[in-house]
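Notes to accompany the following structure.
Start at 1 with the first residue, then count along the sequence.
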Amino acid sequence: MPSSWRRPRPRPPVEADRPHRPGEALGAGRAVRDIEALLAGPVPAEGPTVDEGEPDTGEWSATEGGGFRIVPRWESDGLVGVYEREWEEAEEAASGHLAALVGELDSRWGAHRTAGMRVPVFRDLAGEPLPPLYRALCDQDCPGDLAVWGPVDGRWVAVSLDQCDGGAPMILVAVVADRPIVGLDDGE
């Protein structure tokens, strides 16, 4: 767990904060409803970046900071000891979940654009400063490129598929922000 983890502040429960259970199929309809609830939910305008964990397990459940909220929406089973064809099938299934979700959101909000994570990841590895949203994504090992829509109801929405190493589960995260989500250039 990143060193910034603190006990979550009390806030009203939001159904969108409960991700699909590990290994559970990702229904695009439910995922869209979850993202719409996240879009309508609270996003702090300012403040420090804070990670939230499940009270019973300590597992990461959300990160929020000035202008954004990141929530894991789906997680595959763990892939420790999974190799070759079985690993490829898990990767294909996860990519399929992302593609179905992106397709649904494209049909609702128009074509997405991509905000790449290559520059933030390399800047993170070099110890360089990053905008808070990108710092939070790197701190949570979410290096996947973001599919971005916005503005949608005055906010920006993004989703990505992430895996921090070959044995870790693949996770699909959703981001909502009150400011544009733009890719970083090498010089920014």
Side-chain angles (χ1 to χ4, degrees), residues 11-43 52-54 57 59-64 67-79 82 85-118 120 133-134 136-137 140-183:
R11 62 182 190 80
V14 177
E15 174 59 24
D17 287 346
R18 188 192 75 75
H20 292 74
R21 304 281 183 236
E24 182 179 80
L26 177 72
R30 176 177 164 207
V32 168
R33 287 190 303 276
D34 290 349
I35 290 170
E36 288 173 338
L38 183 62
L39 181 63
V43 172
E52 298 175 12
E54 292 293 330
T57 65
E59 285 186 55
W60 174 57
S61 61
T63 296
E64 64 180 35
F68 68 89
R69 184 163 177 78
I70 307 167
V71 179
R73 297 309 327 132
W74 173 83
E75 181 177 315
S76 73
D77 288 328
L79 299 172
V82 175
R85 186 67 195 142
E86 188 179 357
W87 196 94
E88 291 169 6
E89 289 170 357
E91 183 179 41
E92 288 170 8
S95 296
H97 291 322
L98 177 65
L101 178 56
V102 168
E104 282 289 322
L105 296 176
D106 279 349
S107 70
R108 289 173 181 265
W109 300 327
H112 69 280
R113 60 184 172 69
T114 300
M117 285 294 293
R118 182 186 60 81
L133 172 60
Y134 286 103
L137 288 165
Q140 288 302 333
D141 290 324
C142 294
D145 290 344
L146 299 164
V148 180
W149 296 266
V152 176
D153 297 331
R155 292 184 171 179
W156 284 259
V157 177
V159 295
S160 71
L161 181 62
D162 305 286
Q163 185 183 34
C164 62
D165 68 47
M170 294 179 199
I171 62 170
L172 192 147
V173 299
V175 178
V176 64
D178 67 2
R179 51 205 76 167
I181 299 173
V182 296

Are any side-chain N or O atoms of [X] and backbone N or O atoms of [Y], one a donor and one an acceptor, separated by less than 3.5 Å?
X: Trp60; Y: Ala62; result: yes
X: Thr63; Y: Ile70; result: no
X: Arg73; Y: Ala174; result: no
X: Asp145; Y: Met117; result: yes
X: Gln163; Y: Ala168; result: yes

- Any chance CD of Glu89 has more than 12 other-residue heavy atoms, nucleotides or ligands included, within less than 6.0 Å? yes

Heavy atoms only: give me the nearest [X]-[Y] pair and the separation to one decimal.
X: Tyr134; Y: Ala115; value: OH-CB, 3.7 Å
X: Arg155; Y: Gly41; value: NH1-O, 2.6 Å
X: Asp162; Y: Asp141; value: CB-O, 4.1 Å
X: Val43; Y: Gly67; value: CG1-C, 3.3 Å
X: Pro151; Y: Trp156; value: N-NE1, 3.6 Å
X: Ala147; Y: Val102; value: CB-CG2, 4.1 Å

Nearest 0.5 angstrom please: [X] [atom1] to [Y] [atom2], how far?
X: Cys142; Y: Ile171; atom1: SG; atom2: CD1; result: 4.0 Å
X: Leu101; Y: Asp106; atom1: CG; atom2: CG; result: 9.5 Å
X: Leu172; Y: Ser76; atom1: CG; atom2: OG; result: 10.5 Å
X: Leu98; Y: Trp74; atom1: CG; atom2: CH2; result: 10.0 Å
X: Ser61; Y: Glu54; atom1: OG; atom2: CD; result: 4.5 Å
X: Met170; Y: Leu79; atom1: CE; atom2: CG; result: 5.0 Å

- For Val175, which of Val148, Leu133, Ile35 qualifies under side chain to side chain contact (heavy atoms under 4.5 Å, CB included)? Leu133

- State whether Glu36 and Arg33 are salt-bridged, where the test is any N-O pair (Lys NZ or Arg NE/NH1/NH2 against Asp/Glu carboxylate O) under 4.0 Å. no

- Query: Parallel, tilted or perpendicular: which describes the rings of Trp149 and His112, with under 30° parallel and over 60° perpendicular?
  - Reply: tilted

